[in-house]
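Here's the structure we're looking at; comments come further down.
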Number of protein chains: 4
Amino acid sequence: MMNEVWLIGRLTKDPEEKKTPNGKTVARMTLAVDRDYTNTDGERETDFIEIIAWEKLAENCIKHLGKGRLVSVKGRLQIRTYDDSQGTRRKAAEVVAEKVKFLDKAKENA
Amino acid sequence: MMNEVWLIGRLTKDPEEKKTPNGKTVARMTLAVDRDYTNTDGERETDFIEIIAWEKLAENCIKHLGKGRLVSVKGRLQIRTYDDSQGTRRKAAEVVAEKVKFLDKAKENA
Amino acid sequence: MMNEVWLIGRLTKDPEEKKTPNGKTVARMTLAVDRDYTNTDGERETDFIEIIAWEKLAENCIKHLGKGRLVSVKGRLQIRTYDDSQGTRRKAAEVVAEKVKFLDKAKENA
Amino acid sequence: MMNEVWLIGRLTKDPEEKKTPNGKTVARMTLAVDRDYTNTDGERETDFIEIIAWEKLAENCIKHLGKGRLVSVKGRLQIRTYDDSQGTRRKAAEVVAEKVKFLDKAKENA
DNA sequence: TTTT
DNA sequence: TTTT
């Protein structure tokens, strides 16, 4: 099937580094993506979209990205299902990054 | 910002029709999108992605689509936050459809 | 940089098979993609877009696709420059396919 | 049908302003989009892609963009056919912009 | 004809 | 919980 996502937005915080049991690097990021249009209250809403990157891409993100950075992400939308602590079935959506482009320069001393 | 999603998959059930308080038609659909690759158990996983369509697009989907139909959807990824019945903050992800293309013919008497 | 193209359309003819000097299979196809809107004469125009596929993807296209088939193509837009027989610099645009999905069933005996 | 193009690249020159006979503004731009991979000579090739924008979007591009600016473009791939001065049928490819995002800050005094 |  |  086809499943393609393309986003441009800003990181809400530094990438969070994780390791899988077998040692693969995972980076978790949240991207703030402003909507084009304002809502009925005249406010511009923002989608906060979870991004996950794996291995070398994850390492590059962790090394070079930080809070506030503007990036483009190409990836696919993944829906995970899991049971929470109360045993209720929950769903989590995240974009699995296949390509991340750093669009502004890192700020010095920031 | 940019926020584009492109999906091809099959409807898991008939579109569900809703109305907003001011009378706009909304269609809710779930799209089953198979992943390209099999997991470590050799199984092909599927993402079940919530789709929402508005007004005339919603009406067309309700009128012409049904369970099992193959469609392509172009839209944007939207993350809604809400408080559940226990007052816990939850997130829901859905693709707001901007264009839906019907890719196979409707089955007769089905 | 980023360079992504998504198309859905029909093949105007059977894929054309070529071989590179070192034996790689290449498939050339033309995709007819109708525009959404009609022009000022009330006619729906069509873009005829050149598609090129390589190696295993090319072989699959050659084996399974034919004139009139509905396909989706994900790829990148490539602009080649060359000098024609009169020595004039010319440009050719083509989409290099990365993924091709066959959207309708092959017709029997056709 | 579906026809979506997403590009990130740099303008090779300032946007060129045109007017249609009935007074609509048109902007023509060329986007340099580097490929991800190097060719067999170890060089990184670049696709020079023609972009066309209409009316208000054209005016914004003309007003705010210039040579060297980094932009993202969302649009559709259009193939125009025309007869050249020798009466030979030619094809021209261009991306009709639907959305253009300015990704770096304009340089002062440049 | 090409951008960084 | 959120970025500019």
Side-chain angles (χ1 to χ4, degrees), chain A residues 7-16 28-36 38 43-51 61 64-73 92-95 100-107 110, chain B residues 1-3 77-83 87-93, chain C residues 1-3 77-83 87-91 93, chain D residues 7-16 27-36 38 43-51 61 64-73 92-95 100-107 110:
Chain A
L7 303 169
I8 295 181
R10 290 187 185 276
L11 295 195
T12 62
K13 53 182 190 299
D14 292 348
E16 187 183 351
R28 295 205 151 268
M29 297 166 277
T30 303
L31 206 62
V33 182
D34 295 328
R35 296 186 190 165
D36 284 348
T38 52
E43 290 159 354
R44 185 170 305 277
E45 291 183 88
T46 299
D47 291 294
F48 294 98
I49 299 175
E50 301 301 310
I51 310 289
C61 291
H64 294 109
L65 289 178
K67 181 178 175 174
R69 289 293 303 278
L70 184 71
V71 297
S72 72
V73 173
E94 62 203 5
V95 170
V100 177
K101 192 170 155 52
F102 311 154
L103 294 174
D104 54 5
K105 295 290 158 285
K107 296 194 199 73
Chain B
M1 302 286 179
M2 293 275 178
N3 182 337
L77 175 56
Q78 178 171 274
I79 310 292
R80 281 184 303 110
T81 49
Y82 64 95
D83 298 311
T88 311
R89 197 145 206 86
R90 301 260 173 235
K91 290 162 69 169
Chain C
M1 303 287 177
M2 293 276 179
N3 181 337
L77 175 55
Q78 178 170 274
I79 311 292
R80 280 182 303 110
T81 49
Y82 63 95
D83 298 311
T88 311
R89 195 144 208 88
R90 302 261 173 233
K91 289 162 68 170
Chain D
L7 304 170
I8 296 181
R10 290 186 185 276
L11 295 195
T12 62
K13 54 182 188 300
D14 292 347
E16 187 182 350
R28 293 204 151 272
M29 297 166 277
T30 303
L31 206 62
V33 182
D34 295 328
R35 295 186 191 164
D36 284 347
T38 53
E43 291 159 354
R44 185 170 304 277
E45 290 182 271
T46 299
D47 292 293
F48 295 97
I49 299 175
E50 301 301 310
I51 310 290
C61 290
H64 295 111
L65 289 178
K67 181 177 174 173
R69 289 293 304 278
L70 184 70
V71 296
S72 73
V73 173
E94 62 205 5
V95 170
V100 177
K101 191 168 154 53
F102 311 155
L103 294 174
D104 54 5
K105 294 291 158 283
K107 295 195 198 73

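Within every chain, numbering begins at 1; the chains are lettered A, B, ... in the order of the sequence lines, protein sequences first and strands thereafter.
- Between the P atom of F:dT2 and the CD1 atom of A:Ile51 lies a distance of 18 Å, rounded to the nearest Å.
- In this view, D:Thr38 and D:Arg44 satisfy the side chain to side chain contact (heavy atoms under 4.5 Å, CB included) rule, not counting sequence neighbours.
- Between C:Arg89 and E:dT1 there is a side-chain N or O to OP1 or OP2 distance below 4.0 Å.
- On a pure distance criterion of 3.5 Å, a polar donor-acceptor pair joins the side chain of D:Thr46 and the base of E:dT3.
- F:dT3 has no stacking from A:Phe48 on its base ring, since the centres under 5.5 angstrom apart and planes within 30 degrees of parallel are not both found.
- Spacing between atom CG of A:Asp34 and atom C1' of F:dT2 amounts to 12 Å, rounded to whole angstrom units.
- Put simply, CD1 on D:Ile49 is 16 Å from P on E:dT2, counting in whole angstrom units.
- A straight line from OH of B:Tyr82 to C1' of F:dT1 spans 17 Å, rounded to a whole angstrom.
- Residue A:Leu31 contributes atom CG, which lies 12 Å from atom C1' of F:dT4 at whole-angstrom precision.
- Side-chain atoms of D:Arg35 do not come within 3.5 Å of backbone N or O of C:Gln78 as any donor-acceptor pair.
- Partners of D:Thr46 under the side chain to side chain contact (heavy atoms under 4.5 Å, CB included) rule, at least two apart in sequence or in another chain, are D:Ala32, D:Asp34, D:Phe48.
- Nucleotide E:dT3 holds its P atom 21 Å from the CG atom of A:Leu103, rounded to whole Å.
- Between the P atom of E:dT3 and the CZ atom of D:Arg69 lies a distance of 16 Å, rounded to the nearest Å.
- In the set F:dT4, E:dT2, F:dT2, F:dT4 carries the atom at the smallest distance from any side-chain atom of A:Arg10.
- With hydrogens and angles disregarded, a donor-acceptor distance shorter than 3.5 Å links the side chain of D:Arg10 to the backbone of D:Gly68.
- When the P atom of F:dT1 is taken as reference, atom CD of A:Glu50 falls 14 Å away, rounded to whole Å.
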